[in-house]
Trainee: 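Dumping the structure here so I can ask a few things about it.
Side-chain atoms are counted along with the backbone in the values below, which use heavy atoms only and exclude waters and symmetry mates. Just follow the structure's listing: the first ligand is 1, and inside any ligand the first atom is 1. These numbers were taken from a predicted model, which means no experiment stands behind them.
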Amino acid sequence: MTSTSEETTVIIVGAGVSGLTLASFLRTSGVACVVLERIDRARVEVRQRAGVVDARAVRMFEQWGLADKLLAGPLAQTIDYRVNGVGRIFETIEDDGSPGRFCTQQMLVNNLLRELIDVMAGDIRFSVTDVSIQNDEDRRPRVSYSDAAGAHEFVCDYIIGCDAEHGVSRASIPDGVLTKYSHDFGYAWLAALVEAPVTGHPIMGVSDHGFVAQLPRGPHRSRYYLQCAFSDGPADWPDTRIWDEIRLRLCDNTIENAVVHDKDFVPMRSVVYAPMQYRNLFLVGDAAHLLPPTGAKGMNLALYDVDVLAQALVRAARDRDRAALDAYSSTVLPHIWKYQEFSAWMTDTMHDAGDPTQNGTFRQMAARARLDNLFDSPTAARLHSEYQRGLN
Ligand code: RFL
């Protein structure tokens with residue numbers, strides 16, 4: 001077994017969408033960095049999740065010169081908001097540049113891995129264990145980890161926690177430094193990846209029997225989301241029940257059963273930890289905030305954090321100017337709170353408007369009026385478009 005000690009400028013913990021995007025931006029800017037990832041490359045490549053890269057994030061990839069290499073998929077410009085089977089197509093108002101794209105997180109991550117490893121010769125260390133962070137006041141930060149070859153240590157200038165909710169980065173911050181703000185909505189979504197494409201527009205469906213959505217995941221597949229109980233698991237949802245509920249909630253008996261590839265249960269909750277930095281450790285994406293997927297903003301907020309932090313790190317590393325780095329948390333948090341609000345609005349509206357046993361018939365009718373407003377009021381439609389596009 002070996003024991004090594006190395007040096008770099010930035011250590012990124014986690015090779016998810018935020019860690020890989022940050023590493024690409026730093027590499028493009030000539031800032032040395034190493035990514036440490038718990039699982040192997042094959043498992044990173046197959047993880048399915050988000051499906052929409054919003055317009056702000058598309059613009060960000062364009063500005064970093066990477067959009068052509070990383071993004072693909074159809075434009076995301078319409079949503080079919082259905083109430084008990086009756087659809088209305090909401091068209092996102094776009095009068096200032098590129099629209100968002102239906103580019104799956106998996107496709108983006110695969111393109112990032114290819115670009116970073118094969119083209120930029122980036123340093124990503126997969127299948128590492130026992131990552132441990134030392135972020136003391138009076139010396140350079142240190143990150144140690146183990147792999148099959150032995151124990152290793154990096155001395156660095158900055159540590160970036162891109163290791164999501166259960167990672168080591170946020171857990172390394174002493175008690176009392178961070179404030180946790182959180183809200184549980186009291187229900188969950190069953191997310192089912194199925195072998196059936198979206199044939200019309202992506203659907204967000206309100207029904208008296210609960211919420212249902214169908215969103216594209218490539219040319220042959222889609223993901224259905226079905227509101228379910230917080231405590232539900234795979235045993236509660238055999239494939240036959242999934243298809244029966246989809247037909248019931250979309251009021252469409254012509255939908256045929258198809259292969260269900262996987263089922264995930266996602267609790268609807270919102271979390272923010274603040275501040276998002278401690279000494280030379282900076283938190284990004286799900287390590288600092290979680291959103292209910294109703295607004296499709298989790299990955300997009302992670303990409304927003306990356307954009308701000310990458311620019312700040314480049315200034316600190318290249319120009320020895322820490323001002324933007326020190327202001328990272330106060331720069332990103334106002335934006336994060338706006339999108340927490342949007343995601344909570346979407347979650348309350350789409351679920352309250354549905355099953356009245358949820359919150360009563362008064363809230364049901366009021367939430368349906370809110371949906372009507374998106375089609376009746378140009379002002380409401382414009383605000384909704386701004387949020388959908390991430391440009392608010
Ligand atoms: P990730 O992508 O989870 O990556 C974290 C990485 O850190 C690694 N890791 C560690 N590595 C080393 N040492 C440790 N101790 C480690 N602990 C963890 C992990 O293995 C992993 O590789 O977090 P990141 O980069 O912050 O990205 C966040 C996004 O993945 C997340 O917000 C989105 O997927 C949320 N989300 C959606 N976001 C959208 O913008 N639009 C959507 O349509 C959307 N749909 C969704 C979603 C999330 C979902 N689930 C599964 C919660 C749909 C679903 C069902």
Trainee: Any idea which protein heavy atom is nearest atom 26 (O) of ligand 1, and the distance to it?
Mentor: Asp286 N, 2.9 Å
Trainee: Counting N and O atoms only, with roles assigned by atom type, does the side chain of Asp252 sit under 3.5 Å from a partner on the main chain of Thr254, one being a donor and the other an acceptor?
Mentor: yes
Trainee: Judged on heavy-atom distance to atom 24 (P) of ligand 1, which of Gly16, Gly19, Ser18, Gly14 sits nearest?
Mentor: Ser18
Trainee: Would you call Phe282 and Leu325 a side-chain contact if the rule is heavy atoms closer than 4.5 Å?
Mentor: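 SC-SC contact between Phe282 and Leu325 confirmed.
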Trainee: Are the side chain of Glu386 and the backbone N or O of Asn392 linked by a donor-acceptor pair below 3.5 Å?
Mentor: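 Not a single qualifying donor-acceptor pair exists.
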Trainee: At what distance is the nearest protein heavy atom to atom 15 (N) of ligand 1, and which residue and atom is it?
Mentor: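 Protein heavy atom with the smallest distance to atom 15 (N) of ligand 1: Val168 CG1, 3.6 Å.
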Trainee: Atoms of ligand 1 less than 4.0 Å from Gly285 heavy atoms?
Mentor: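 Close to Gly285: 26 (O).
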Trainee: Please state which part of Gln105 comes within less than 4.0 Å of ligand 1, counting heavy atoms only: side chain, backbone, both or neither.
Mentor: side chain
Trainee: Have a look at ligand 1 and work out which part of Val131, if any, has a heavy atom under 4.0 Å from it: side chain, backbone, both or neither.
Mentor: side chain
Trainee: Is the closest basic N to carboxylate O distance between Asp307 and Arg56 below 4.0 Å?
Mentor: yes
Trainee: Please identify which atoms of ligand 1 are closer than 4.0 Å to at least one heavy atom of Tyr225.
Mentor: 45 (N), 53 (C)
Trainee: Could Glu165 and Arg269 be called an ion pair, given the rule that one side-chain N must be under 4.0 Å from one carboxylate O?
Mentor: yes
Trainee: Identify, by atom number and element, the atoms of ligand 1 in contact range of Gly298, meaning under 4.0 Å from any of its heavy atoms.
Mentor: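 Result: 32 (O), 35 (C), 38 (N), 39 (C), 40 (O).
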Trainee: Do the side chain of Arg389 and the main chain of Gln77 share a donor and acceptor less than 3.5 angstrom apart?
Mentor: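 No: the side chain of Arg389 does not pair with the backbone of Gln77.
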Trainee: Quick one: which ligand 1 atoms are inside 4.0 Å of a heavy atom on Leu36?
Mentor: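 Heavy-atom distances to Leu36 below 4.0 Å select 11 (N), 12 (C).
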Trainee: In ligand 1, which numbered atoms sit nearer than 4.0 Å to a non-hydrogen atom of Arg47?
Mentor: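 Atoms satisfying the 4.0 Å criterion: 19 (C), 20 (O), 21 (C), 22 (O).
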Trainee: Is a salt bridge present between Asp305 and Lys297, judged by a nitrogen-to-oxygen distance below 4.0 Å?
Mentor: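 No, no charged N to carboxylate O under 4.0 Å.
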Trainee: Does only the side chain of Cys162 get under 4.0 Å from ligand 1, or the backbone, or both, or neither? Count heavy atoms.
Mentor: backbone
Trainee: Purely on distance, is any nitrogen or oxygen of Asp264 under 3.5 Å from one on ligand 1?
Mentor: no
Trainee: Provide, to 0.1 Å, the distance between atom 36 (N) of ligand 1 and the closest protein heavy atom, together with that atom's residue and name.
Mentor: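 I find the closest protein heavy atom is Ala50 CB, 4.0 Å.
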Trainee: Quick one: look up the protein heavy atom nearest atom 27 (O) of ligand 1 and list residue, atom name and how far away it is.
Mentor: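 Sorting protein heavy atoms by distance from atom 27 (O) of ligand 1 puts Val17 CG1, 3.3 Å first.
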Trainee: Quick one: do Arg88 and Asp372 make a salt bridge, cutoff under 4.0 Å?
Mentor: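 Looking at Arg88 and Asp372, the cut-off is met.
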Trainee: Are His152 and Phe154 an aromatic pair, judged by ring center distance below 6.0 Å?
Mentor: no
Trainee: If you define the side chain from C-beta out and look only at heavy atoms, does anything of Tyr278 sit under 4.5 Å from Leu178?
Mentor: no
Trainee: Show which atoms of ligand 1 fall inside a sub-4.0 Å distance from at least one heavy-atom site of Val13.
Mentor: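 By the 4.0 Å cutoff, the relevant atoms are 12 (C), 13 (N).
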Trainee: Backbone or side chain, does any N or O of Val266 fall under 3.5 Å from an N or O of ligand 1?
Mentor: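 It does not: no N or O of Val266 is found under 3.5 Å from an N or O of ligand 1.
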Trainee: Less than 6.0 angstrom from the centroid, inside 45 degrees of the normal: does Arg170 satisfy that with respect to the ring of Tyr273?
Mentor: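 Arg170 over Tyr273 ring: yes.
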Trainee: May I ask you to check if ligand 1 and Ile39 share an N or O to N or O distance below 3.5 Å?
Mentor: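 There is no such contact.
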Trainee: Output yes when Arg114 and Asp118 qualify as a salt bridge under the 4.0 Å nitrogen-oxygen rule, no when they do not.
Mentor: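 Asp118 and Arg114: not salt-bridged.
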Trainee: Nearest protein heavy-atom contact for atom 1 (P) of ligand 1: which residue, which atom, what distance?
Mentor: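 Nearest protein contact, heavy atoms only, for atom 1 (P) of ligand 1 is Arg49 NH1, 3.8 Å.
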Trainee: Relative to atom 39 (C) of ligand 1, which among Gln106, Met299, Arg43 owns the nearest non-hydrogen atom?
Mentor: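 Of the listed residues, Met299 has the closest heavy atom.
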Trainee: Look only at interatomic distance and state if Arg38 has a nitrogen or oxygen under 3.5 Å from any nitrogen or oxygen of ligand 1.
Mentor: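 Yes, at least one N or O pair falls under 3.5 Å.
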Trainee: Are the side chain of Ser330 and the backbone N or O of Ala327 linked by a donor-acceptor pair below 3.5 Å?
Mentor: yes
Trainee: How far is atom 20 (O) of ligand 1 from the closest protein heavy atom, and which atom is that?
Mentor: Glu37 OE2, 2.6 Å
Trainee: What are the atoms of ligand 1, with element, lying closer than 4.0 Å to any heavy atom of Ala164?
Mentor: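 Contacts of ligand 1 toward Ala164, numbered from 1: 3 (O), 5 (C), 23 (O).
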Trainee: Would you mind listing which atoms of ligand 1 come within a distance below 4.0 Å of any non-hydrogen atom of Gly51?
Mentor: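 Those atoms are 42 (C), 43 (O).
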Trainee: Find the distance between CG (Leu313) and OG (Ser29) and round it off to the nearest 0.5 Å.
Mentor: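 Answer for the CG-OG pair, Leu313 versus Ser29, is 9.5 Å.
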